[in-house]
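What follows is one structure encoded as C-alpha cells, with my remarks underneath.
Residue numbers count from 1 along this sequence. Only this structure's heavy atoms are used, side chains among them; waters, hydrogens and symmetry mates stay out.
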Amino acid sequence: MEEKILGVVPDVKNSKPLGKRDTYSLVVTDQSFIFALMTSQMLKDVAAEAQKKGKESGKGFFARWGDQIRSGFTLYKKYYNMPAESILDESKGNFQIWLSDISKVAVSKKTGGEDQTDITEIKIETAGGKEEYFIDGSSKEMIGLFEAVLGDKLDMKKGILG
C-alpha cells in the first residue's frame with residue numbers, strides 16, 4: 001500500500017559535533033516519518049530557478065533577489081506532490097522511521113534567553129535508540145500531525161504551544 005503524505009514540517013534540525021547541524025523537511029505519512037535532508041545544492045538549484053523565472057518575467061534585481069531568498073523557505077512544499085519512495089531516493093542523507101517502530105515521541109519547549117529564540121525539542125524513541133531534533137519556535141500544525149499518527153505514543157509537555 002502506498003504511503004499517504006499527511007503533512008510536512010520544514011526546518012527540523014539535529015545537532016552534530018562542532019556545532020554543526022543538518023536541516024530536514026520531516027514528511028509525515030500515514031505509515032512513517034521521512035526525513036528529507038536539505039542540501040546546499042538544493043538551495044542553489046531552487047535559487048537559480050527563482051532567478052531564472054524572475055528574469056523571464058521581467059523583474060528587477062531586488063525583486064529577483066527577494067524571490068531567491070524566499071525560495072529556500074518554501075523548498076519543503078515539493079514533498080506534498082512526491083511519492084514516499086522518490087523522497088527517500090532524492091538524497092543519500094534521507095531516511096525513514098516507521099511509525100510501528102516508534103515507542104515514544106516526546107515534544108517539549110525550551111525557552112531561549114534574551115538573545116535566543118525559543119525552540120521545540122522532538123525526541124524520537126525506537127528500539128534502536130533515541131534521536132533528538134528541534135525546530136525554532138513551535139508549530140500547531142506539527143503537533144496536530146503528530147497527534148493524528150502517533151496517538152498515545154506522543155508525550156507532549158504542558159505549555160508547548162504557548
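- Formation of a donor-acceptor pair under 3.5 Å by the Asp136 side chain with backbone atoms of Ile119 is not found in this model.
- Here Lys140 contributes atom NZ and Glu147 contributes atom CD; the two are 12.0 Å apart, rounded to the nearest 0.5 Å.
- To the nearest 0.5 Å, the span separating NZ on Lys123 from OG on Ser108 amounts to 5.5 Å.
- Under the 3.5 Å distance criterion, the side-chain polar atoms of Thr120 are left unmatched by any main-chain donor or acceptor of Ile135.
- Remark: side-chain polar atoms of Lys153 are paired, donor with acceptor, to backbone N or O of Ile102 under 3.5 angstrom.
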Exercise for the section: Begin from the C-alpha positions of Val28 and Val8 and carry the test side chain to side chain contact (heavy atoms under 4.5 Å, CB included) through to its verdict. Expected result: CA-CA 6 Å; Val28 179; Val8 182; over 6 Å; no
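- When the options Leu26, Thr29, Val9 are evaluated for a side chain to side chain contact (heavy atoms under 4.5 Å, CB included) with Leu145, the one that passes is Val9.
- Residues Ile122 and Phe146 meet the side-chain proximity criterion, which asks for heavy atoms closer than 4.5 Å.
- Between the side chain of Thr23 and the backbone N or O of Asp11, no donor-acceptor pair lies under 3.5 Å.
- No side-chain donor-acceptor contact under 3.5 Å links Gln96 and Gln31.
- Remark: Lys13 does not engage Glu132 in a salt bridge, criterion side-chain N to carboxylate O under 4.0 Å.
- Atom CZ of Phe134 sits about 3.5 Å away from atom CZ of Arg21, to the nearest 0.5 Å.
- At distances below 3.5 Å, not a single donor-acceptor pair connects side-chain atoms of Asp118 with backbone N or O atoms of Lys109.
- Distance check, rounded to the nearest 0.5 Å: CD1 of Ile5 to CD of Glu3 gives 8.0 Å.
- Here the side chain of Asn14 pairs a donor or acceptor atom with the backbone of Asp22 at under 3.5 angstrom.
- Between Ile34 and Ala84, the closest heavy-atom pair is CD1-CB, 3.6 Å.
- Here the OG1-CD distance, from Thr126 to Glu131, works out to 6.5 Å after rounding to the nearest 0.5 Å.
- A heavy-atom distance below 4.5 Å is not found between the side chains of Phe35 and Ile87.
- In this structure, Tyr24 has its ring center closer than 6.0 angstrom to the ring center of Phe95.
- Proximity of Asp155 to Val105: side-chain heavy atoms (C-beta onward) are nowhere separated by under 4.5 Å.
- Rounding to the nearest 0.5 angstrom, the gap separating the CG atom in Leu150 from the OG atom in Ser103 is 10.5 Å.
- Proximity of a side-chain donor or acceptor of Tyr79 to a complementary backbone N or O of Ser25 within less than 3.5 Å is not detected.
- Trp98 and Phe33 fall into different hydrophobic clusters, where Ile, Leu, Val, Met, Phe, Trp and Tyr side chains are chained together by heavy-atom contacts under 4.5 Å.
- Ion pairing between Asp30 and Lys4 fails under the 4.0 Å rule for side-chain N and carboxylate O.
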